Amino acid sequence: MSVAMTRGILFVHSAPAALCPHVEWAIGSVVDKRTDLEWTAQPAAPGMFRAELSWTGKPGTGAQLASSLRGWAHLRYEVTEEPSQGTDGARWSHTPELGIFHAVTDVHGNIMVTEDRIRYAYESGAGDPSAVYHELSLALGEAWDEELEPFRHAAEGAPVRWLHQVG
């Protein structure tokens, strides 16, 4: 019987130089393999560095990567995990100011908002459209997207490293 596999990408959008080796160690502890990332300067945050890692592994590897990096000061990152047989895709976004955001994604990377979350938005809004808008904005992770967007654009043309069969 074969083990289901998936793939994803870890985007370290910004990390101070002193934190870079610790990020590599944390990733290595998840993938059970030494990881030497190619760090480049992050133009959106002078003095910070960025790196990307494409990975292939068992479903849940994305959650493990996100958890291993969660809560570190000055670290901005995103982890994506593609859907696989019997498992939804996911995205985790982290900023020092906002903490971590998690969303389930479809095969195209769109965030899937559950029926219960939508129901909560309009029930808590109690007829106030701005309250409904606020709750749906939270469900979509808009604050994380707004904060990370400059870091994403600053990464255009950056090298990507591939890591296969982890986890």
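Count residues from 1 along the sequence. Atoms considered below: every heavy atom in the structure, side chains included; atoms not considered: hydrogens, waters and symmetry mates. Predicted model, so just to flag it, every value in this text is computed and none were measured.
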Worksheet, complete the sentence: CZ (Arg91) and CG (Asn110) are apart, to the nearest 0.5 Å, by 10.0 Å
Worksheet item: In Å and rounded to the nearest 0.5 Å, what is the CG to CD distance from Asp116 to Glu123?
Response: 9.5 Å
Discussion item. Is the shortest side-chain heavy-atom distance between Pro83 and Val107 below 4.5 Å?
Written reply: yes
Worksheet entry | Salt-bridge criterion met for Glu52 and Arg50 (N-O under 4.0 Å) | yes
Worksheet entry | Listed partners of Leu140 passing side chain to side chain contact (heavy atoms under 4.5 Å, CB included), at least two apart | Ile111, Val113, Glu142
Discussion item. Donor-acceptor pair, distance only, cut-off 3.5 Å: does the side chain of Ser124 make one with the backbone of Tyr120?
Written reply: yes
Worksheet item: Would you call Val132 and Glu135 a side-chain contact if the rule is heavy atoms closer than 4.5 Å?
Response: no
Discussion item. Just so I know, are the side chains of Leu98 and Glu147 near enough to count as touching, which here means a heavy-atom distance under 4.5 Å?
Written reply: yes
Discussion item. Taking the side chain as everything from C-beta on, heavy atoms only, tell me whether Thr61 gets closer than 4.5 Å to Trp55.
Written reply: yes
Worksheet item: Do Phe11 and Ile9 come close enough that some side-chain heavy atom pair is under 4.5 Å?
Response: yes
Discussion item. Count I, L, V, M, F, W, Y as connected when their side-chain heavy atoms are under 4.5 Å apart, and connections chain through other members. Are Trp92 and Trp72 then in the same cluster?
Written reply: yes
Discussion item. Between His94 and Glu78, is there a side-chain donor-acceptor contact under 3.5 Å, judged purely by atom types and distance?
Written reply: no
Worksheet item: Side chains of Leu148 and Phe101: does their closest heavy-atom pair fall under 4.5 Å?
Response: no
Worksheet item: Does Val23 belong to the same Ile/Leu/Val/Met/Phe/Trp/Tyr cluster as Met48, with side-chain heavy atoms less than 4.5 Å apart forming each link?
Response: no
Discussion item. More than 12 heavy atoms of other residues, nucleotides or ligands under 6.0 Å from NE2 of His102: yes or no?
Written reply: yes
Discussion item. Please check if the number of heavy atoms outside Tyr122 that lie under 6.0 Å from its OH is greater than 12.
Written reply: yes
Discussion item. Within the structure provided, determine whether Lys33 and Ile27 are in side-chain contact (heavy-atom separation under 4.5 Å).
Written reply: no
Worksheet entry | Glu149 and Trp144 side chains, donor-acceptor separation under 3.5 Å | no
Discussion item. Please report the interatomic distance OG(Ser14) to OH(Tyr77), rounded to the nearest 0.5 Å.
Written reply: 12.0 Å
Practice prompt. Compute whether any side-chain donor of one residue and acceptor of the other, for Asp128 and Ser130, lie under 3.5 angstrom apart.
Written response: yes
Practice prompt. With rounding to the nearest 0.5 Å, note down the distance linking CG in Leu37 to CG in Leu10.
Written response: 7.0 Å
Worksheet entry | Spacing of NE2 belonging to His22 relative to CG belonging to Leu69, to within rounding of 0.5 Å | 12.5 Å
Worksheet item: What's the spacing between Ser29 OG and Trp25 CH2 if we round to 0.5 Å?
Response: 5.0 Å
Worksheet item: So do the side chains of Val12 and Leu75 get within less than 4.5 Å of each other, counting heavy atoms only?
Response: yes
Fill in: Qualifying salt bridge (charged side-chain N to carboxylate O under 4.0 Å, His left out) pairs, either residue in residues 93-114, two or more places apart
Arg76-Glu97
